[in-house]
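I have placed the structure first, in the form of structure tokens, so that the comments after it can refer back to it.
Owing to the predicted nature of the structure, the values given are computational and were not obtained by experimental measurement.
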Amino acid sequence: MPATLATVAADEADLRLDRWFRRHHPQLTQGALQKMLRTGQIKVDGKRAETNTRLLAGQQIRVPPMPEAPPPPPDRPAVSERDAAMLERLILYRDDSVIALNKPHGLPVQGGPNIDRHLDGMLDALRFGAEDRPRLVHRLDRDTSGVLLLARSAGAAAKLASAFRGRDAKKTYWALVVGRPHPLAGRINMPLARQGGPRGERTAPAEEGEEGAHAITDFQVVDNARKHVSWLEMYPLTGRTHQLRVHAAAALKTPILGDGKYGGAAAHLEGMSNLLHLHARSIELPHPEGGTLSVSAPLPPHMNESFEFLGFDRPRTPPARRTR
């Protein structure tokens with residue numbers, strides 16, 4: 001079978017070449033792709049390319065004969081009417097490129113051991129007539145609530161992922177922490193390392209001499225209640241697993257309320273909810289089709305009750321908007 005030429009579609013602009021092949025030829029392994037690129041079998045507009053080459057709409061990709069595709073995967077289980085209705089209620093913003101949800105506390109974003117019900121398994125309910133199902137472009141912990149963005153095409157996914165990767169996405173989190181941080185505002189620069197543990201994998205500050213992942217968080221205290229609980233705004237400049245939870249507990253010595261994993265018994269206060277008090281309040285980033293998208297999410301019920309109990313005067317949640 002001879003090589004063929006494929007044209008990069010408009011919604012595939014800015015997609016990496018290896019991800020283009022993963023989309024169109026999922027049976028091709030990364031190793032086989034690299035070999036084809038190294039030997040010049042794959043070219044973009046007649047020139048050699050790399051796996052991380054960013055594509056432009058209209059470019060021509062030389063596609064050599066591909067290995068036979070495996071049988072299609074089994075169909076995903078249908079999304080129940082109840083779950084579909086629940087997802088639609090979570091929508092904060094929707095257009096042809098992006099869907100923003102207010103992810104509730106306790107809903108996993110993806111599957112894993114002993115996790116059968118998760119957001120990624122329900123995304124077919126958010127097609128709204130589109131050919132493609134929405135794609136995840138970033139993650140939130142199971143117990144973290146708040147703004148979660150979905151891309152409605154491969155091109156939008158590539159541009160949103162690029163915004164997160166290049167720090168063009170400004171993320172604001174609200175947290176209630178036990179105690180009062182000192183100083184009241186600043187920057188945490190504490191490398192993190194992944195570790196095993198009796199209750200599963202966890203993140204910890206990298207020890208001296210250990211190679212850890214770069215992790216930076218800016219923060220400021222918004223209010224406090226008699227030094228027992230503080231309301232923190234946290235602005236992660238990197239996106240490490242459990243970054244805010246570890247930085248609050250290990251760097252500030254004020255664990256997030258309800259975070260027994262990293263704060264132990266000190267993270268629980270009598271008379272207050274033991275659920276994690278961490279909320280992705282807002283995201284502002286370039287919209288895939290131009291302009292800026294700003295989305296904010298209201299607090300989950302348990303945090304709303306805690307804010308009222310502590311007398312914190314939280315601002316209203318502004319509507320999502322796209323400025324051009």
Lys/Arg N to Asp/Glu carboxylate O, Asp14 vs Arg19, below 4.0 Å | no

Check each of Thr254, Asn224, Ile188 against Pro181 using the side-chain contact (heavy atoms from CB on, under 4.5 Å) test, and report the only one that passes.
-> Thr254

State, to 0.1 Å, how close Ala163 and Leu285 come at their nearest heavy-atom pair, and which atoms those are.
-> CB-CD1, 4.1 Å

Atom CG in Leu149, atom CG in Leu140: separation rounded to 0.5 Å?
-> 9.0 Å

N/O donor-acceptor pair under 3.5 Å between Arg152 side chain and Ala157 backbone | no

Rounded to the nearest 0.5 angstrom, the CE-CG distance for Met122 and Asp120 is 10.0 Å

Gly212 to Ala206 - nearest heavy-atom pair and separation = CA-CB, 3.8 Å

Give a yes or no on whether Tyr262 and Met234 share a hydrophobic cluster (residues Ile, Leu, Val, Met, Phe, Trp, Tyr; joining criterion: side-chain heavy atoms under 4.5 Å apart).
-> yes

Side chain to side chain contact (heavy atoms under 4.5 Å, CB included) filter on Pro236, not counting sequence neighbours, yields Lys171, Tyr173, Gln243, Leu244

Can you list the residues that meet the side chain to side chain contact (heavy atoms under 4.5 Å, CB included) rule with Ser153, with sequence neighbours excluded?
-> Asp11, Ala156

Looking only at atom types and distance, does a side-chain atom of Arg167 sit under 3.5 Å from a main-chain N or O of Thr238, one as donor and one as acceptor?
-> no

Applying side chain to side chain donor-acceptor pair (under 3.5 Å) to Arg16 and not counting sequence neighbours gives Asp18

Please tabulate, for side-chain N and O atoms in residues 100-114, each donor-acceptor pair with protein atoms closer than 3.5 Å (sequence neighbours left out).
from   : atom 1 : to     : atom 2 : distance (Å)
Asn102 : ND2    : Pro298 : O      : 3.4
Lys103 : NZ     : Leu107 : O      : 2.9
Lys103 : NZ     : Asp141 : O      : 3.3
Lys103 : NZ     : Arg142 : O      : 2.9
Lys103 : NZ     : Thr144 : O      : 2.9
Gln110 : OE1    : Arg139 : NE     : 2.9

Using the side chain to side chain donor-acceptor pair (under 3.5 Å) rule, collect all pairs that involve residues 278-299, keeping only residues at least two apart or in two chains.
-> Asp95-His287, Ser97-Glu289, Ser145-His279, Arg281-Thr317, Glu284-Ser294

Sequence-distant partners of Glu12, salt bridge (Lys or Arg N to Asp or Glu O under 4.0 Å), two or more places apart = Arg23

Should Asp143 and Asp259 be marked as a side-chain contact (heavy atoms from CB on, under 4.5 Å) after you check the CA-CA gap, both sets of side-chain angles, and the distance that decides it?
-> CA-CA 9 Å; Asp143 293 330; Asp259 190 7; over 6 Å; no

Please step through side-chain contact (heavy atoms from CB on, under 4.5 Å) for the pair Leu192 and Val246, ending with a clear verdict.
-> CA-CA 8 Å; Leu192 302 175; Val246 177; 3.7 Å; yes

Taking His242 for the side chain and Arg245 for the main chain, is one N or O donor matched with an acceptor at less than 3.5 Å?
-> no

Measure the shortest side-chain to side-chain distance between Leu310 and Met272 over non-hydrogen atoms and say whether it is less than 4.5 angstrom.
-> yes

Sub-3.5 Å donor-acceptor pair from the side chain of Gln27 to the main-chain atoms of Pro67, do we have one?
-> yes

Calculate, to the nearest 0.5 Å, the distance between atoms OG1 and CE belonging to Thr4 and Met66 respectively.
-> 8.0 Å

If you take all heavy atoms of Pro286 and Leu160, which pair is closest and at what distance?
-> O-CD2, 4.2 Å

May I have the step-by-step check of side-chain contact (heavy atoms from CB on, under 4.5 Å) for Leu17 and Ile61, ending in yes or no?
-> CA-CA 9 Å; Leu17 181 60; Ile61 301 175; 4.0 Å; yes

Are any side-chain N or O atoms of Arg322 and backbone N or O atoms of Gly291, one a donor and one an acceptor, separated by less than 3.5 Å?
-> no

Enter the distance from Leu37:CG to Lys43:NZ here, rounded to the nearest 0.5 Å.
-> 11.5 Å

Please answer: with hydrophobic residues joined when any side-chain heavy atoms are less than 4.5 Å apart, are Val295 and Leu148 in the same cluster?
-> no

To the nearest 0.5 Å, how far apart are NZ in Lys253 and NE2 in His182?
-> 13.5 Å

Is there a side-chain contact between Leu15 and Val8, using heavy atoms and a 4.5 Å cut-off?
-> no

Can you list every pair that meets salt bridge (Lys or Arg N to Asp or Glu O under 4.0 Å) and has a residue in residues 49-67, with sequence neighbours left out?
-> none

So if you build clusters from Ile, Leu, Val, Met, Phe, Trp, Tyr with side-chain heavy-atom gaps below 4.5 Å, do Leu299 and Val229 land together?
-> yes

With sequence neighbours left out, the residues meeting side chain to side chain donor-acceptor pair (under 3.5 Å) with Asn304 are Arg314

Thr53 meets the side chain to side chain donor-acceptor pair (under 3.5 Å) criterion, sequence neighbours left out, with none

Correct closest heavy-atom pair for Pro255 and Gly263 would be CB-CA, 3.7 Å

Does Phe128 CZ have over 12 foreign heavy atoms under 6.0 Å away?
-> yes

Can you list the residues that meet the ring-ring contact (aromatic ring centres under 6.0 Å, His included) rule with Phe312, with sequence neighbours excluded?
-> Trp231, Phe307

Taking a hydrophobic cluster as the set of Ile, Leu, Val, Met, Phe, Trp and Tyr residues connected by side-chain heavy atoms closer than 4.5 Å, whether directly or through intermediates, do Leu257 and Leu184 fall within one such cluster?
-> no

Residue pairs meeting salt bridge (Lys or Arg N to Asp or Glu O under 4.0 Å), one or both in residues 175-188, sequence neighbours left out, come to Arg187-Asp218

Taking atom types as modelled, find out whether Thr7 and Gln59 have a side-chain donor-acceptor pair closer than 3.5 angstrom.
-> no

Can you tell if the side chain of Leu33 reaches within under 4.5 Å of the side chain of His25, non-hydrogen atoms only?
-> no

Can you sort out the partners of His24 under ring-ring contact (aromatic ring centres under 6.0 Å, His included), two or more places apart, ordered by chain and number?
-> Trp20

Smallest separation among heavy atoms of Ala215 and Arg240, with atom names | CB-CG, 3.8 Å

Are the side chains of Asn189 and His214 in touch, meaning some heavy atoms are under 4.5 Å apart?
-> yes

Side-chain heavy atoms of Ile42 within contact of Val63, under 4.5 Å = no

How many angstroms lie between CG in Leu55 and CD in Gln60, if you round to the nearest 0.5 Å?
-> 11.5 Å

Would you check, one step at a time, whether the test side-chain contact (heavy atoms from CB on, under 4.5 Å) holds for Ser306 with His277?
-> CA-CA 9 Å; Ser306 295; His277 286 62; 2.8 Å; yes

Under a 4.5 Å side-chain heavy-atom rule over Ile, Leu, Val, Met, Phe, Trp and Tyr, are Ile283 and Tyr93 clustered together?
-> yes

Nearest heavy-atom approach of Arg117 to Asp83 is NH2-OD1, 2.8 Å

Got more than 12 heavy atoms from elsewhere within 6.0 Å of CG, Asp313?
-> no

Side chain to side chain, Val221 and Leu232, heavy atoms closer than 4.5 Å = yes

Check the surroundings of atom CG in Asp96: do more than 12 heavy atoms from other residues, nucleotides or ligands lie under 6.0 Å from it?
-> no

